[in-house]
Amino acid sequence: MIEPMRQRQKLAPALLRWYDSHRRDLPWRAPPGARVDPYAVWLSEIMLQQTTVATVKGYFERFLTRWPTVEALAAAPLEEALAAWAGLGYYARARNLHACAGAVARDHGGRFPSTEAALLALPGVGPYTAAAVAAIAFDQPCAAVDGNVERVVTRLYAIGTPARRAKPLIREKVEAMMPAARAGDFAQALMDLGATVCTPRAPGCGACPWSADCAARAAGTQEAYPVKEKKAEKPKRRGGIFILERGEETLLSRRPEKGLFGGMSAFPSTPFTRDVAPDEQLAFAPCAADWRALPEPVSHVFTHFALTATVFTARTKSPKAPGANCRWASRANLDREGLPTLMRKAALLAGLI
DNA sequence: GAGACGTGGTC
DNA sequence: TGACCAAGTCT
């Protein structure tokens, strides 16, 4: 048994050695030793919130190509940023991304602040992202605790408290092992370890630089961590989506700024905040028309409810003026309108794209 | 502080 | 196949 203080001081060097030969090559990472662009680090961190690396890669490249600097992104209309974000989910991130770019351009002269506290004050930047950007982009010794780090640390110390309440303790443990140099590499190494070795299922303890120090491994209970709170049951809801066509055009509406799909373009629909039974769905149609239900509904599972939506279609020649937040979109361009995935599914089912 | 907030992949 | 998971934040 290694004496505790000595053990703690050996953790970071062992992890950094492992990282030097096993680090993942990712589009937002600079080659070893090279300097990273804080804008690229921040952009990647926002996209990676609750989203997989594989999904993010394409979006990251497109955003960086289209808006190479934070000033360019700040100058873009919000609608364009939202459309480019379509399909990534959690659209509040895109609204905050745009607001954050504006704040950096306006209040910080186009340079991201380098301290955790100043970063935390930016829209869409919470405790994790502030620490991650400070560490990765500015090499500040900040503890970036994400889901990966939670898993690694709860296993390393066999912390049986549900992860949400264990956050402060996890942070303490990370700070205690934080090396004086290479703070950015350390933060990324911890996340790489969680993503590639200390995985949720079937962790590769044989390849782990910390396996000899790991309390859960010693007890053979790796997969029992992190302990999760039991989550509430997911309600099932029904609803309707209305696709109105006029010649080669389709009616789109802009969703309210807050709530589901906030600020996004979408087909008019019933509210999704509650279950809307089939016999009351047509009352939410954008106008009177010969609405026909498609034979198959679209099913879509959100984080907090599962939706089965009937897709109604109708044609019109001269409808009443569409609502203030409605517009006609060319069907040929529908693919580029930046529809949320649920709405894309409906368009696909209706044969529009 | 618990719930809202998307989506795609895996077993 | 349905449940669970993935670099969280905001209210």
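Lettering follows sequence order; numbering is per chain, from 1.
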Taking the six-membered ring where the residue is Trp, are the ring centres of A/W28 and A/F60 under 6.0 Å apart?
yes
Side chains of A/Q49 and A/Y128: is there a donor and an acceptor less than 3.5 Å apart?
no
Test item: side-chain donor near acceptor, A/S265 and A/R327, under 3.5 Å
yes
For a quick test of reading the model: is some side-chain N or O of A/H300 closer than 4.0 Å to OP1 or OP2 of B/dT7?
yes
I'd like to know if the side chain of A/R93 and the backbone of A/M47 have a donor-acceptor N/O pair within less than 3.5 Å.
yes
Between A/H304 and B/dA4, is there a side-chain N or O to OP1/OP2 distance below 4.0 Å?
no
Classify the ring geometry between A/W42 and A/F112 as parallel (under 30°), tilted (30 to 60°) or perpendicular (over 60°).
tilted
Which is more 5' along DNA chain C, the nucleotide nearest A/R29 or the one nearest A/K258? Just name the residue.
A/R29
Between C/dC5 (C1') and A/K234 (NZ): distance, integer Å:
11 Å
Between B/dA4 (P) and A/R164 (CZ): distance, integer Å
12 Å
In whole angstroms, how far is the C1' atom of B/dT7 from the CG atom of A/L260?
12 Å
Say whether A/L342 and A/L82 are linked into one hydrophobic cluster, either directly or through other cluster members, by side-chain heavy-atom distances under 4.5 angstrom.
yes
Name every residue in residues 118-134 of chain A that has at least one heavy atom under 4.0 Å from any atom of DNA chain B, in order of residue number, or write none if there are no such residues.
none
Please tell me if A/Y91 has a side-chain N or O lying less than 4.0 Å from either OP1 or OP2 of B/dT7.
yes
Would you mind reading off the distance between A/Y90 atom OH and B/dT7 atom P, rounded to a whole angstrom?
10 Å
Given that A/L26 and A/K236 both sit by DNA chain C, which one's nearest nucleotide is further toward the 5' end?
A/K236
In terms of ring plane angle, is the pair A/H300 and A/F302 parallel, tilted or perpendicular, where the classes change at 30° and 60°?
perpendicular
Short of 4.0 Å, heavy atom to strand atom, which residues of residues 39-70 of chain A count as contacting DNA chain B?
A/Q50, A/T51
Say whether, by atom type as modelled, one donor and one acceptor occur between the side chain of A/N96 and the main chain of A/P123 under 3.5 angstrom.
no
Using atom CD of A/E229 as one end and atom P of C/dC5 as the other, report the distance to the nearest whole Å.
13 Å
Does A/R255 contact B/dG6 through a side-chain donor or acceptor facing the base, at a distance under 3.5 Å?
no
Send over the distance from A/E233 CD to B/dA4 P, rounded to a whole Å.
14 Å
Could you check, using the six-membered ring where one of them is a Trp, whether A/F312 and A/F242 have ring centers closer than 6.0 angstrom?
yes
